[in-house]
There are 2 protein chains.
Amino acid sequence: MTPSPASGKRQHVVDTAYALFRQGGFHATGIDRIIAEADIAKMTMYRHFPSKDELIVEVLDYRAGRFDRQLDRLEQEGITAEQKISKIFDWHERWFRGDDFHGCLFAHALAEFGDPGHPVFKAVARQKNRLRSRMQAILEDVMPPDCAEGAAAALLMLIEGATLMAQMGQPAIGNARKAAAAIIGAASVPH
Amino acid sequence: MTPSPASGKRQHVVDTAYALFRQGGFHATGIDRIIAEADIAKMTMYRHFPSKDELIVEVLDYRAGRFDRQLDRLEQEGITAEQKISKIFDWHERWFRGDDFHGCLFAHALAEFGDPGHPVFKAVARQKNRLRSRMQAILEDVMPPDCAEGAAAALLMLIEGATLMAQMGQPAIGNARKAAAAIIGAASVPH
DNA sequence: CTAAAAAGAGACAGACCTGTCTCATCACCA
DNA sequence: TGGTGATGAGACAGGTCTGTCTCTTTTTAG
């Protein structure tokens, strides 16, 4: 039973942990650091989250949920599939340019929790699969489903790679865009 | 002054640390674990490597060197640029299928050492830049240099993304290959 | 054979880690 | 006002971490 479903403390811990994990990584960020930054007692945190691992999963799910809602709004817009994909690249470009960009939290989580049975690993796989299937759904408007599956996978790979390069200080989102256009162009059915 | 330039102990430590870092990550793999697995005394390790961070850099540079030599041999082969790129994808495909594949060690290092001033970060940036520039050199045989630069970046992004997806148990190297063909086809100068 | 270099063995320090426990305090609601 | 649940504060346990130190043993080179 969660101690306080309506409490703001829980989300505050998630927010603080999110910021710290992003900057310093998961193993390198200790519980003591999180509770100091969030200005709460240690027991308050452990009453909400039974372990650090579960807090990490919660942070990832929270972040994934926000991104998912962004995709919800995108899908409701009355624009072409190409424009929707372009908007996803826009989001990433803005993200890369931000002051506190430190790479993809999910990719980092995968790096630190490589065991496929670990809950953190599963949370990462969930998020990446969701993004891929949603891009696939978008692409199915302009190409047959089997083509859309491969194209969505290719777009996801480009985005992941672009995020990694952006973290190394090499903005290549423009090249990713051009490559995405070539991929979609090669798979699209002319209308 | 390095204690023993010709000693095999040093490389043995690097090999052991490489295997452990790959499986368990950097922060999660302690010095004690490394020396136990390598069956050496702790002081032997610290005489060769002044700190854990420098050992990590050494491991990364060693791995990068091996990959670089593989690229050297590839460049000497008398095959087309497309065939060379295809061979690089072959290497990755075999790597992904291996039993002890745990993702890209360099990407993982970047996840755990996100500070651009950190020696580990710089070692990662070196390796990725080298791979990109070498792919660019290959592509310049079939397209103008400015096109080759963008195409090489796109190929690197695809490869990084494919590695990440492979780690999540979703083999997408075939889709990456098709996307690479579309990218090269769009940028190539017909001869 | 001998002297120097390398390695082994293990104690040790000091810090940090996760997670638990107790008790006092505070807010809110009936 | 009284009670109840959430929180604060901090000690504490038990473990792990990196890195240092000393002493002994082994290996290597001249």
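As the structure is a computational prediction, the values presented were derived from the model and not from experiment. Here is how names work: the chains are called A, B, and so on, in the same order as the sequence lines, proteins then strands, and each is numbered from 1.
Between A:H27 and A:F113, a ring centre-to-centre spacing shorter than 6.0 Å is recorded.
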Show me the side-chain donor-acceptor pairs of residues 135-156 of chain A shorter than 3.5 Å, one per line, residues at least two apart or across chains.
from	atom 1	to	atom 2	distance (Å)
A:Q136	NE2	A:E140	OE2	3.4

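B:F49 has its CZ atom 13 Å from the P atom of D:dG19, to the nearest Å. Separating the CG atom of A:D53 from the C1' atom of C:dG19 is a distance of 12 Å, rounded to the nearest angstrom. With rounding to whole Å, B:I40 atom CD1 is found 13 Å from C:dA9 atom C1'. The distance between atom OH of B:Y46 and atom P of C:dA9, rounded to the nearest whole Å, is 18 Å. When rounded to the nearest whole Å, the span between CD1 of A:I31 and P of D:dG10 equals 18 Å. Rounded to whole angstrom, the span from the CG atom of A:L55 across to the P atom of C:dC17 amounts to 15 Å. In this entry the distance linking CE of B:M45 with P of C:dA7 reads 13 Å, nearest Å. Put simply, CZ on B:F26 is 16 Å from P on D:dC17, counting in whole angstrom units.
Among the nucleotides C:dA7, C:dG19, D:dG19, the one closest to the side chain of B:K52 is D:dG19. Closest contact between the side chain of A:R47 and the listed nucleotides C:dT18, D:dG19, D:dT7 involves D:dT7. Taking every side-chain heavy atom of A:H48 into account, D:dT7 is the closest of D:dT7, C:dT18, C:dG8. Taking the side chain of B:D32 as heavy atoms from C-beta on, and the options D:dC17, D:dT7, C:dT18, the nearest nucleotide is D:dC17.
Side-chain contact between A:F96 and A:Q167 is absent, with no heavy atoms from C-beta onward closer than 4.5 Å.
Nearest-nucleotide positions on DNA chain C for A:M43 and B:D39 put B:D39 closer to the 5' end.
Remark: side-chain polar atoms of A:H118 are not paired, donor with acceptor, to backbone N or O of A:G114 under 3.5 angstrom.
At the phosphate of C:dT18, neither OP1 nor OP2 sits under 4.0 Å from any side-chain N or O atom of A:H27. Contact annotation: A:K42 does not reach the phosphate of C:dT18 (side-chain N/O to OP1 or OP2, under 4.0 Å).
With 3.5 Å as the limit, one finds no donor-acceptor pair spanning the side chains of B:Q127 and B:D68.
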